[in-house]
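Contents: one structure, followed by commentary.
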Amino acid sequence: MKKFVVLFTMLTTGLILNAQSTVEAFISKAADIQLNQCNVTRQEVAKFHESISTLKGEIDEKLEKLNEQAQADADQNEAIAKRNAEKKLTEEYGISKENMDKLKNKEKLSEADKEALINNALKQQGDMSLADAKKIAQMSEKEQQEYAEQYAANEMQKHKYNPSNEIGKNNTINIDLLNKQKELTAKIQADQYRIDKLYIDFENDDAERKIGFDNIQKWNAELSSLMGIDYGQGPKMEALAQKIKEEQIKICDNNTPRYQDILTKHLSMIKSSYQDYMELHEVTNQLSNEAIGIQSSEVDNSIFGLKLVNDYISKLSAAYYYKLYFPEDEH
């Protein structure tokens, strides 16, 4: 038995490390794409976008393979969960093999008999009636979550005052794991909120930026109206062109460094969020293994991590959006 545990630990650790190395390799590739703020040529910007396109293609190809594997694992888990559910009904919920066969053979079991069997099993397991179960099924997702949290809190309170009390027959709730799961989920959500807020705050702080773009549009329209036969409007056209150039440089200087600083913070946050997710995946697997005897696909770690990198690359592609003036265009 000890050898089996050691082997299992080695195998699962290997899978986790493989997922981690896959994601970290792509994070490293994303970090290797250099950012030079406004001191960049048009050719360098084109090369930058080419690098992003190449990396995104690699990630999409990897995600496609991982999603196929995840689906295969899910199908396998579905079959395992079905067998385990039947075992739980017979061994833990007090449903005999005969009644189990009746439940599976629906056409030979009346609705009343079926409800009676389920009602008896629910009461035996946790003092819940079928009517209560139906009521829960009609709740919204938020209401169900609130109910589950309240139920867990009540069970924790019972266990606190009566440590010897079983929380459900042969199905003790692992309070530490539930709390850890909740804590990690909150951390991941908080990271995502902070990332989103960085971009939202930047986009909302656009008053000066909007004035600059409006000025450029207005001056370009004036410049276009002066083109054609030379009536001595050359100096005015040169003055407008200079104003446009200066405004373009100003927009880049005021926005590009700030946006690229957000990108740097974003990349740092996804590294932290991915580590939290790997820990969450492990905790969730322990809970699901105890509850229904299955574990999520290990490729879920890689899928989550690569989606984080994909989101970053999507934002990274706009790194030079405010680079409007290139000196080489004048030659």
Pick from Val309, Leu55, Leu263: which one makes a side-chain contact (heavy atoms from CB on, under 4.5 Å) with Leu316? Leu263
Measure the spacing between NZ of Lys245 and CD of Gln248 and express it to the nearest 0.5 Å. 10.0 Å
Is it true that a side-chain atom of Thr256 and a backbone atom of Asp253 form a donor plus acceptor pair closer than 3.5 Å? no
Under 3.5 Å, is there a donor-acceptor pair linking the side chains of Asn36 and Glu44? no
Any link between Leu226 and Ile244 through a network of hydrophobic side chains (Ile, Leu, Val, Met, Phe, Trp, Tyr) touching at under 4.5 Å? yes
Shared ILVMFWY cluster between Ile249 and Trp219, side chains joined below 4.5 angstrom? no
Asp201 and Lys197 ion-paired at < 4.0 Å: yes
May I ask you to check whether Asn254 and Arg209 show a side-chain donor-acceptor distance below 3.5 Å? no
Is a donor from one side chain sitting under 3.5 angstrom from an acceptor on the other, for His49 and Tyr320? no
Testing the 3.5 Å rule here: is there a donor-acceptor pair between the side chains of Asp196 and Gln192? yes
Joint hydrophobic cluster, Tyr322 plus Ile211, side-chain heavy atoms closer than 4.5 Å: no
Run the salt-bridge test on Lys180 and Glu279 with the 4.0 Å N-O cut-off and return the result as yes or no. yes
One should read off an interatomic distance between Asp276 CG and Met269 CE, to the nearest 0.5 angstrom, of 12.5 Å
Would you mind checking if Lys315 and Asp311 are paired as a salt bridge, meaning a charged N to carboxylate O distance below 4.0 Å? no
Is there a donor-acceptor pair closer than 3.5 Å between any side-chain N or O of Glu222 and the backbone N or O of Leu240? no
Distance col, row Lys271:NZ vs Gln275:CD, nearest 0.5 angstrom, shows 10.5 Å
Spacing of CZ belonging to Phe304 relative to CG belonging to Leu66, to within rounding of 0.5 Å: 14.5 Å
Can you tell me if Gln260 uses its side chain to pair, donor with acceptor, with the backbone of Gln37 under 3.5 Å? yes
If the threshold is 4.0 Å, N to carboxylate O, is there a salt bridge linking Asp214 and Lys218? no
For the backbone of Lys47 and the side chain of Ser51, can you confirm whether one donor and one acceptor N or O come within less than 3.5 Å of each other? yes
Going through the distances and angles, do Ile195 and Ile262 end up as a side chain to side chain contact (heavy atoms under 4.5 Å, CB included)? CA-CA 8 Å; Ile195 290 170; Ile262 291 173; over 6 Å; no
Salt bridge present between Lys29 and Glu58 (N-O < 4.0 angstrom): yes
Here the pair of heavy atoms bringing Leu223 nearest to Met237 is CD1-O, 3.5 Å
Would a hydrophobic clustering, with Ile, Leu, Val, Met, Phe, Trp and Tyr connected at side-chain separations under 4.5 Å, put Tyr321 with Phe48? yes
For a quick check under 3.5 Å, do Thr284 and Gln181 share a side-chain donor-acceptor pair by atom type? yes
Where do Pro257 and Cys252 come nearest, in terms of heavy atoms and distance? CD-O, 3.3 Å
Under a 3.5 Å cutoff, is there a donor and acceptor pairing between the side chains of Glu238 and Gln242? no
Is it the case that over 12 heavy atoms from other parts of the model lie below 6.0 angstrom from the CD atom of Gln217? no
When every non-hydrogen atom of Glu328 is compared with those of Arg42, the smallest separation belongs to OE2-N, 2.6 Å
Distance in Å, Leu177 CG paired with Leu184 CG, rounded so as to fall on 0.5 Å steps: 10.5 Å
Pair Lys187-Asp191, salt bridge (Lys or Arg N to Asp or Glu O under 4.0 Å): steps then yes or no: CA-CA 6 Å; Lys187 283 181 67 179; Asp191 277 346; over 6 Å; no
Taking the side chain from Asn255 and the backbone from Ile251, do they hold a donor-acceptor pair closer than 3.5 Å? yes
Kindly indicate whether the side chain of Leu178, heavy atoms from C-beta on, has any atom under 4.5 Å from the side chain of Lys182. no
Nearest 0.5 Å please: distance from the CZ atom of Arg258 over to the CG atom of Leu198. 9.5 Å
Shared hydrophobic cluster, Phe213 / Phe326 (ILVMFWY, side-chain heavy atoms < 4.5 Å): yes
Looking only at heavy atoms, the pair that brings Ala319 and Leu35 closest together is CB-CD2, 3.6 Å
Is the backbone N or O of Tyr325 less than 3.5 Å from a side-chain atom of Lys323, with the two atoms forming a donor-acceptor pair by type? yes
Closest approach of Tyr274 and Asn301, non-hydrogen atoms and distance? CE1-O, 3.2 Å
Note: Ile59 and Leu306 closest approach over all heavy atoms is CG2-O, 4.0 Å
